[in-house]
J.: 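I have a structure I would like to understand better, so I am pasting it below and will then ask my questions one at a time.
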Amino acid sequence: MPELPEAETIARDLDRRVRGSIIAGIRVARPDILARGNSATTLSRKLRGHRIERVSRRGKNVIIEFDGALRLVVNLGMTGRLIASDAPRSAEMRHVAALLRLEDGRAILYDDARRFGRLDLRDAGRWSQRDAELGVEPLSDSFTGEYLFRLTRGSISPIRNFLLDQKRVAGVGNIYANESLFRAGVRPTRRARQLRRAEAIRLADAIRTVLGEAIEARGTTIDDYRDGNGDAGAFQLRLRVYDRRGEPCVQCGTPVKRVVLTNRSAFYCPQCQR
Ligand SMILES: [Zn+2]
């Protein structure tokens, strides 16, 4: 499931490849991937002739920014792929959920096997609303250990769940929450408000390090994720606890444990994480 490093990788790839391009047309084969309030007709009418000024990221979303302060907010859901194609073949085009045709003959394809992703075109006002709903960017200067310490006060959620709440910290999902908790030596089941200051500082550092390394590795491909060029990432080879139930801890050899917290697996070393 694409998280911050995957969305960041896609955004950088697309920015490099399609910045400055003009939209010639839009085709939506699967209207269920459009967010409420959007339709294929309005998307085409509002975007045709507009120039892509930049492709950026906020949380787990890829943001295609157009002139006129329009933004196409792409939430990749579970299996969403956003790929720039130099020569879209007709066969390929038949299977994509949506396609943005560019004036130079290229295209941006949105493909989503399970279709939990959403495309949402927003003007400046509706974008600031959405932006304000999302929490702090963990790679920004505002996200310090002290900030995380204060943010966790008063929350009785297990720290793993706390980190997944996009209203608090934007972009961290299950893979990177588990990996960061392992590196910080904090057990995923601990209540957020019980973290000590020193642990919050270690955890904030670990989050930044893990996300940075994952961006460098171009994301984690376990099943579906592909970058903006259609290629797999490499961070799955560097996971230390995620999806490693029963395998020896990389630090101490103790078998990695799995617990289920609110229907989603958490992985930890019972020896290294307290
Ligand atoms: Zn261990």
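Index from 1, following the sequence.
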J.: Among Arg193, Arg274, Arg190, which residue satisfies the salt bridge (Lys or Arg N to Asp or Glu O under 4.0 Å) criterion with Glu199?
T.: Arg190

J.: Starting from Met78, walk the hydrophobic network (Ile, Leu, Val, Met, Phe, Trp, Tyr; side-chain heavy atoms closer than 4.5 Å) and list everyone else you reach, by chain and number.
T.: Met1, Phe116

J.: Do Leu70 and Leu47 make a side-chain contact, defined as non-hydrogen atoms from C-beta onward lying under 4.5 Å apart?
T.: yes

J.: Quick test of your reading: applying ring pair (Phe, Tyr, Trp, His ring centres under 6.0 Å), list the pairs with at least one residue in residues 242-274, sequence neighbours left out, ordered by first then second residue.
T.: Tyr242-Phe267

J.: Is any side-chain heavy atom of Val136 closer than 4.5 Å to one of Tyr147?
T.: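 Counting from C-beta outward, Tyr147 and Val136 do come under 4.5 Å.
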
J.: Is Glu8 reaching over with its side chain to a backbone N or O of Arg58, donor-acceptor style, under 3.5 angstrom?
T.: no

J.: For the atom pair CD1 (Ile207) and CG (Leu163), what is the distance rounded to the nearest 0.5 Å?
T.: 4.5 Å

J.: Which pairs, with at least one residue in residues 228-251 and sequence neighbours excluded, count as a salt bridge (Lys or Arg N to Asp or Glu O under 4.0 Å)?
T.: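 Listed by first then second residue: Glu213-Arg238, Arg244-Glu247.
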
J.: Looking at Val259, Ile159, Leu181, which one forms a side chain to side chain contact (heavy atoms under 4.5 Å, CB included) with Thr189?
T.: Val259

J.: More than 12 heavy atoms of other residues, nucleotides or ligands under 6.0 Å from CZ of Arg191: yes or no?
T.: no

J.: Is there a continuous path of hydrophobic side-chain contacts, each under 4.5 Å between heavy atoms, that joins Val96 to Leu102?
T.: no

J.: Using atom types as modelled and distance alone, determine if a side-chain donor or acceptor of Asp120 lies under 3.5 Å from a backbone N or O of Ala35.
T.: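 No, the answer is negative, given that no donor and acceptor are paired below the 3.5 Å cut-off.
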
J.: Test your reading of the model: is there a side-chain donor-acceptor pair from Gln166 to the backbone of Gly171, 3.5 Å cut-off?
T.: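 The answer is yes, because a donor-acceptor pair under 3.5 Å joins these two groups.
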
J.: Quick check on Arg208: does its CZ atom have over 12 non-hydrogen neighbours (other residues, nucleotides or ligands) under 6.0 Å away?
T.: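 Check passes, neighbour count above 12.
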
J.: Does the side chain of Asp15 come within less than 4.5 Å of Arg54's, by heavy atoms?
T.: yes

J.: With a 4.5 Å limit on heavy-atom distance, are the side chains of Ile108 and Ile52 in contact?
T.: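 SC-SC contact between Ile108 and Ile52 confirmed.
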
J.: Atom CZ of Arg101 and atom OG of Ser44: how far apart are they, to the nearest 0.5 Å?
T.: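 Those atoms lie 9.0 Å apart.
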
J.: Flag the pair Arg187 / Pro270 as yes when at least one side-chain heavy-atom distance between them is below 4.5 Å, and no otherwise.
T.: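 In contact.
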
J.: Short question: side chain of Asn38, backbone of Leu121 - any donor-acceptor pair under 3.5 Å?
T.: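 Side chain of Asn38 to backbone of Leu121, a donor-acceptor pair under 3.5 Å: yes, one is there.
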
J.: Return yes if some donor-acceptor pair links the side-chain N/O of Thr79 with the main-chain N/O of Arg114 below 3.5 Å, else return no.
T.: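 Flag set: sc Thr79 to bb Arg114 pair under 3.5 Å.
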
J.: Within the 4.5 Å heavy-atom criterion, are Glu6 and Leu76 side-chain neighbours or not?
T.: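 Of all side-chain heavy-atom pairs linking Leu76 with Glu6, none is under 4.5 Å.
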
J.: Write out all pairs satisfying salt bridge (Lys or Arg N to Asp or Glu O under 4.0 Å) with one or both partners inside residues 152-167, taking only residues at least two apart or from two chains.
T.: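 Passing the test, one end in residues 152-167: Asp165-Arg168.
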
J.: Are Lys46 and Asp123 ion-paired here, with the side-chain N under 4.0 Å from a carboxylate O?
T.: no

J.: Enumerate the residue pairs fulfilling ring pair (Phe, Tyr, Trp, His ring centres under 6.0 Å) with a member in residues 120-144, sequence neighbours excluded, ordered by first and then second residue.
T.: none

J.: Could you tell me whether the side chain of Thr9 and the main chain of Pro5 form a donor-acceptor pair under 3.5 Å?
T.: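 Looks like yes, one N/O pair under 3.5 Å.
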
J.: Which pair of heavy atoms, one from Gln273 and one from Val186, lies closest together, and at what distance?
T.: NE2-O, 2.9 Å

J.: I'd like to know if the side chain of Gln271 and the backbone of Cys252 have a donor-acceptor N/O pair within less than 3.5 Å.
T.: no

J.: Can Arg17 and Asn229 be counted as having a side-chain donor-acceptor contact under 3.5 angstrom?
T.: yes

J.: Which pairs, with at least one residue in residues 250-268 and sequence neighbours excluded, count as a salt bridge (Lys or Arg N to Asp or Glu O under 4.0 Å)?
T.: none

J.: Is Asp104 reaching over with its side chain to a backbone N or O of Arg106, donor-acceptor style, under 3.5 angstrom?
T.: yes

J.: Can you check whether Val241's main-chain N or O pairs, donor with acceptor, with Glu179's side chain at less than 3.5 Å?
T.: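 Confirmed, Glu179 side chain pairs with Val241 backbone.
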
J.: Roughly how far, to the nearest 0.5 Å, is the CG atom of Leu148 from the OG atom of Ser142?
T.: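 Interatomic distance, Ser142 OG to Leu148 CG, rounded to 0.5 Å: 13.0 Å.
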
J.: Taking C-beta and beyond as the side chain, do Ile22 and Arg51 meet within less than 4.5 Å on heavy atoms?
T.: yes

J.: Considering only heavy atoms from C-beta outward, does the side chain of Thr221 approach that of Arg226 to under 4.5 Å?
T.: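 Yes, their side chains come closer than 4.5 Å.
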
